Protein chains: 2
Amino acid sequence: MNDSYTNTQVNIANLCKAMAHPARVSIVQHLLSQPDCICGDIVDELPLSQSTVSQHLKALKKVGLIQGTVSGPKVCYCINPVAWDEFSSMITPIFNEVETKLNCC
Amino acid sequence: MNDSYTNTQVNIANLCKAMAHPARVSIVQHLLSQPDCICGDIVDELPLSQSTVSQHLKALKKVGLIQGTVSGPKVCYCINPVAWDEFSSMITPIFNEVETKLNCC
DNA sequence: TAAATTTATCGTATTTTTACGATTATGAAT
DNA sequence: ATTCATAATCGTAAAAATACGATAAATTTA
């Protein structure tokens, strides 16, 4: 289809896009720090409406960084370590290469 | 001003936003792999117009991930290790915390 | 000086993102 | 069965991102 960019380039871009809003960064940090992972708790943490938070959760879920499990009338969201490991393995090489890079100009 | 989010949350979001397009990921990878760093070479690498590439370069420069130095009529772009180190130091803790995280649901 | 080269900026059109309220769907509690 | 609580989706409006051609600015070359 679209071979303008490599799969890695597209994947890195999509993962970064998922983290490209402070509300979504906040959601991830909350899921890392709190044992509970109920959607309603996340809504309470953020200065946004329930529907907007639901959209942000959907954006994170779309790229796999979080996952949601229905628990009665509630939904339990949590971190998906697999996707985070893939994210890390794609962007860490860039961090490492930068380390060895002299400022050329 | 806006204390809805922490500085770290906003900074991570801004850095991720800068990398949230495959063309910008490609630019960074090119600057890491090539010794030259002339804007024109980057334009040739991408399936985008010169003005669009210029916009992408501006987005990366805005958050400090790259820097441009005028060199005659040309401009030499290169990686800015300092900003990348800050990026790494902000997002690596998340990667590390995820590692210790059991999937809760 | 004039022409050519390189890159940024302007103006603009299209698409995507962000946000909200209203509604819907599902399950729990009464 | 009805009401309540939770969360997704719909519809929509406003803002931001993306892309391009045209133009401008700066420097080099002829």
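Quick note on labels: first sequence line is chain A, next is B, and so on, each numbered from 1. In what follows, every heavy atom counts, from backbone to side chain, and hydrogens, waters and symmetry copies are set aside. Everything numeric in this text was worked out from a predicted model, so none of it was measured.
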Novice: May I ask you to verify whether the side chain of B/Gln55 and the base of D/dA19 hold a donor-acceptor pair under 3.5 Å?
Specialist: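 Flag set: donor-acceptor pair detected.
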
Novice: Find the distance A/Asn14:CG to C/dT17:C1' and express it as a whole number of Å.
Specialist: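 Rounding to the nearest Å, CG of A/Asn14 and C1' of C/dT17 are 14 Å apart.
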
Novice: With respect to the side chain of B/Pro73, which nucleotide from C/dG21, C/dG27, D/dT27 is positioned closest?
Specialist: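 So the side chain of B/Pro73 is nearest to D/dT27.
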
Novice: So which nucleotide from D/dT9, C/dT7, D/dA22 ends up closest to the side chain of B/Ser51?
Specialist: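 Among the listed nucleotides, the one closest to the side chain of B/Ser51 is D/dA22.
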
Novice: Distance check needed: C/dA19 C1' versus B/Tyr5 OH, whole Å only.
Specialist: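 About 11 Å, once rounded to whole Å.
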
Novice: For the side chain of B/Cys39, starting at C-beta, report the closest nucleotide among D/dA8, C/dA8, D/dA19.
Specialist: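 The nucleotide sitting nearest to the side chain is C/dA8.
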
Novice: Taking the nucleotide of DNA chain D with the closest heavy atom to each, which residue, A/Lys74 or B/Ser71, is nearer the 5' end?
Specialist: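 By nearest-heavy-atom nucleotide position, the 5'-most residue is A/Lys74.
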
Novice: Any side-chain to backbone donor/acceptor pair from B/Ser89 onto B/Glu86? Under 3.5 Å, distance only.
Specialist: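 The answer is yes, because a donor-acceptor pair under 3.5 Å joins these two groups.
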
Novice: In the single-linkage hydrophobic clustering (I, L, V, M, F, W, Y; side-chain heavy atoms under 4.5 Å), do B/Val53 and B/Val70 co-cluster?
Specialist: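 Yes, B/Val53 and B/Val70 fall within the same hydrophobic cluster.
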
Novice: Roughly how many Å is it from NE2 in B/His56 to C1' in C/dA8, rounded to a whole number?
Specialist: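 Those two atoms, NE2 and C1', are 15 Å apart.
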
Novice: Would you mind reading off the distance between A/Lys61 atom NZ and D/dA7 atom C1', rounded to a whole angstrom?
Specialist: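 Answer to the nearest Å: 10 Å.
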
Novice: Which heavy atom in A/Leu48 sits nearest to a heavy atom in A/Ala23, and how many Å separate them?
Specialist: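 Residues A/Leu48 and A/Ala23, closest heavy atoms: CD1-CB, 3.8 Å.
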
Novice: Send over the distance from A/Ile66 CD1 to D/dA8 C1', rounded to a whole Å.
Specialist: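 A/Ile66 atom CD1 is separated from D/dA8 atom C1' by 13 Å.
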
Novice: Atom CD1 of B/Ile27 and atom P of D/dT18: how far apart are they, to the nearest Å?
Specialist: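 My rounded result for the distance is 11 Å.
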
Novice: Can you tell which of D/dC20, D/dT9, C/dT7 lies closest to the side chain of B/Ser49?
Specialist: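 Of the candidates, D/dC20 comes closest.
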
Novice: Would you say C/dT18 has OP1 or OP2 under 4.0 Å from some side-chain N or O of A/Thr52?
Specialist: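 No, outside the criterion.
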
Novice: Using only the SG atoms, decide whether B/Cys37 and B/Cys76 are less than 2.5 Å apart.
Specialist: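 B/Cys37 pairs with B/Cys76 as a disulfide (SG atoms under 2.5 Å apart), so yes.
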
Novice: Which is more 5' along DNA chain D, the nucleotide nearest A/Lys17 or the one nearest A/Gln50? Just name the residue.
Specialist: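 Residue closer to the 5' terminus by nearest nucleotide: A/Gln50.
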
Novice: Compare side-chain N and O positions of B/Tyr77 against OP1 and OP2 of C/dA8 and report whether any pair is under 4.0 Å apart.
Specialist: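 Checking C/dA8 against B/Tyr77, a side-chain N or O does come within under 4.0 Å of OP1 or OP2.
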
Novice: Surrounding CG of A/Asn7 (heavy atoms of other residues, nucleotides or ligands, distance under 6.0 Å), is the total greater than 12?
Specialist: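 No, the 6.0 Å shell around CG holds no more than 12 heavy atoms from other groups.
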
Novice: Rounded to the nearest angstrom, tell me the gap between atom CE in A/Met19 and atom P in C/dT18.
Specialist: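 To the nearest whole Å, that distance equals 13 Å.
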
Novice: Nearest-Å distance, CG (A/Leu46) to C1' (C/dC20)?
Specialist: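 Interatomic distance, CG of A/Leu46 to C1' of C/dC20: 15 Å.
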
Novice: Taking the minimum atom-to-atom distance to the side chain of B/Arg24, which one of D/dC20, D/dT18, D/dA8 wins?
Specialist: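 Of the options given, the side chain of B/Arg24 lies nearest D/dT18.
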
Novice: Both B/Asp41 and A/Lys62 contact DNA chain C. Which one's nearest nucleotide lies toward the 5' end?
Specialist: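 Its nucleotide being nearer the 5' end, the pick is B/Asp41.
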
Novice: May I ask you to verify if any side-chain N or O of B/Ser54 is less than 4.0 angstrom from the OP1 or OP2 atom of C/dT7?
Specialist: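 For C/dT7, neither OP1 nor OP2 has a side-chain N or O of B/Ser54 closer than 4.0 Å.
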
